[in-house]
Amino acid sequence: MKTALPLACALIIPAVAATELPPDATAPASPSRPAAMETVVVSATRTSRAQFTTPAAISVIDSEAIRLIQPYGYHDIFDALPSVNIQGGPRRIAEEPAIRGFSDEQVAIRVDGTRLNYNKAHGGRFLLDPALIESVEVLRGAGSATYGSGALGGVFLIETANGRELNNNADGLGLRLSSGYQSNGEEVRGSATAYGSTGSLDALAHLTLRDVGEDLVDGRGNDILATRDETGSALLKLGFEPDYQRFEVALEHFENNGRNPVNANDRATASNLVDRSTERRNARLRYQVAPPDSNWLDLSVVAYENRVDAREFRLDDARIDRSTFRTRGAELINTMEVPGIGDQTARFTAGLELYEDTQSGTRNGSARPQFPDAAVEYRAAFLQGEIPLAAGFSVIPGLRYDHFDYRADAAFETRADSEVTPRIALGWQPRESSYLWVEYAEAFRAPSLGELFADGVHFAVPLGPGQVVINEFVATPDLRAEHSAQWQVGGRWRRDGLFSRDLSVSLEGSLWRSDVDDFVDQVVTFISGPPRFDPASRSLVFPGVTTNRNVDARLRGAEITATLRHPSWYMNM
């Protein structure tokens, strides 16, 4: 459908100049950097660890790789990652995450430490332009022991850049300008990033505009109707760094406008088109402190509000739907170090998290039961240890407790529930070139507000003259939370100096199994009973229902990746 450039870049990408990082650097390494430079990850433990000796399945993509891929959407970015899919294309507004068979709300998305929980049915969740991304880690596997609800399949941990990072921790000003064109869809894009730092202050301002002026064309040369859109993204970051501390405030805005089907990942017809506007605004405050002479203080605090407003004007009957989804939250995490075996150091991380999701919807100015007014509030705490043992072994135990309360309109009772999710991982590094690990972890996902409380007409389909099917949602306020128990076993091997001094190779593989209890399954019964005559429309109405139920599921799989690296190129398979 598109040019061969993204595929070629995913296979062989020329290296760009890389600056040597200090041994304790926390920024992810670029795939094009020399193999000797360790990639550092934070997604599995909330602490900085070498990816090679982290007992979890993790992939890392940095801004250099994203710029070289020149993605149309998020499916281009993650196309080469094992067990990771982006569903809902080809419209960008419909892109949803999927990891290891878990999709959409069963996968957590975080941006700069804040939750991106927006979950309107048939709508995408990646409401962030890829040009803003400095790095993204994808944790594959159960992650609720550290990230709470929604991390059954894994976590996308996205970080955006700041002015000091782009300035390589030096004083000065900089400007980046970028533009591009894609023939499929006649897309034109442009972006500008201004940044600078002086003393303890830094700032960044970013703007990206994209315009798809024509419908996309599929692999057979056929138009994919209603795929034009306009997208704009903006980010403003201000930072202050006195004495091993960092204060940061960020304001972010994303907007997508287009004419799409009501179900954004459906085929367009004359009767299902809407003029859709989706707007996300995020405000966040972040504080970090890590004095080098303190073993007990490595603190991160974040507070945020994330709001999504969607407006849909249906062309065939002028119906107007408005939806608002808002997440407000705060999180505090601290890591302390204590003496371990011999000269080794153990780390313990504790965290508290509070957040609330609220949603409301209207149709032509009146209450809309399909997207009802409802809210859920979470209070959580977790504790994790990273304990080195003898003979190259280490163990990472973790435990999290989540309590959540639902509330909706007067037709539903207030509901409270809680979940405890443990994790334990054992790693062994018998030699510098190899690492083996095994993990048991549990995860959960609390039912969404729509799954619990949606009511009213789902869809209406004419069967012929004087006959129509009207399918209605049936609320399921007693729906249970999904719960999974997962086993993983994995290994890594690497070797430098293969065939030549500059060539290195690495292999990674894992086997996994997830047993899911109370998997939420939506059941659409097209016709559920005998018809009735409606005198107002003089039609025969056939009733149908859409409801949710809990079922059990079993998922299993295997992953293997191989990487060749050279100072001038790399290849992933």
Side-chain angles (χ1 to χ4, degrees), residues 21-29 38-56 58 60 110-115 134-135 137 139 143 145-148 155 157-162 164-165 169 200 202 237 239-250 284-304 329-355 380-389 394-401 423-425 427:
L21 295 176
D24 62 346
T26 59
E38 287 278 12
T39 298
V40 176
V41 295
V42 299
S43 55
T45 61
R46 298 293 191 97
T47 60
S48 300
R49 289 180 61 95
Q51 182 182 11
F52 188 79
T53 54
T54 296
I58 304 172
V60 182
R110 292 202 170 208
V111 178
D112 287 350
T114 70
R115 288 182 171 269
E134 182 65 15
S135 69
E137 294 182 25
L139 173 66
T146 48
Y147 293 100
V155 182
L157 202 66
I158 299 172
E159 290 288 326
T160 62
N162 62 54
R164 186 169 300 279
E165 291 172 337
N169 290 315
S200 57
D202 62 85
K237 269 191 179 184
F240 176 51
E241 290 194 11
D243 297 331
Y244 312 110
Q245 303 176 74
R246 179 169 178 84
F247 298 85
E248 184 177 273
V249 58
R284 50 190 181 265
L285 296 171
R286 211 173 188 181
Y287 172 70
Q288 297 166 295
V289 57
D293 57 350
S294 174
N295 294 326
W296 60 269
L297 184 61
D298 186 348
L299 178 68
S300 174
V301 182
V302 62
Y304 63 95
E331 186 176 66
L332 181 151
I333 301 173
N334 186 62
T335 299
M336 62 181 298
E337 297 182 351
V338 300
I341 297 176
D343 59 353
Q344 301 183 95
T345 300
R347 293 191 293 187
F348 291 90
T349 301
L352 298 173
E353 184 177 17
L354 305 172
Y355 68 97
F382 71 88
L383 179 65
Q384 172 194 264
E386 298 171 76
I387 306 170
L389 305 174
S394 63
V395 63
I396 300 179
L399 187 69
R400 176 169 170 135
Y401 172 78
R423 175 204 182 207
I424 186 165

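Quick caveat, the model's predicted, so the values are computed rather than measured. In what follows, every heavy atom counts, from backbone to side chain, and hydrogens, waters and symmetry copies are set aside.
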Under 3.5 Å, is there a donor-acceptor pair between the side chain of Lys237 and the main chain of Val249? no
Is Glu241 salt-bridged to Arg246, cutoff N-O under 4.0 Å? yes
Hits for salt bridge (Lys or Arg N to Asp or Glu O under 4.0 Å) against Arg284, two or more places apart or cross-chain, chain-then-number order -> Asp112, Glu252
Shortest non-hydrogen contact between Gly113 and Glu331, atoms and distance: O-OE1, 4.3 Å
Of the non-hydrogen atoms in Gly385 and Phe348, which two are nearest, and what is the gap between them? CA-CD2, 3.7 Å
May I ask you to decide if Ser43's main-chain N or O and Tyr147's side chain share a donor-acceptor pair within less than 3.5 Å? yes
Output yes when Glu353 and Arg110 qualify as a salt bridge under the 4.0 Å nitrogen-oxygen rule, no when they do not. yes
Does the side chain of Glu386 pick up a donor-acceptor pair with the side chain of Thr47 at under 3.5 Å? yes
For the residue pair Leu299 and Ile333, establish whether any side-chain heavy-atom pair is separated by less than 4.5 Å. no
Thr146 versus Gln384: any side-chain heavy-atom pair under 4.5 Å? yes
Examine distances only and state if a side-chain atom of Asn334 and a backbone atom of Asp298 form a donor-acceptor pair shorter than 3.5 Å. yes
Can a donor-acceptor pair be found, under 3.5 Å and without considering hydrogens, that links the side chain of Gln51 to the backbone of Ile58? yes
Answer yes or no: is there a side-chain heavy-atom contact under 4.5 Å between Tyr244 and Ser294? no
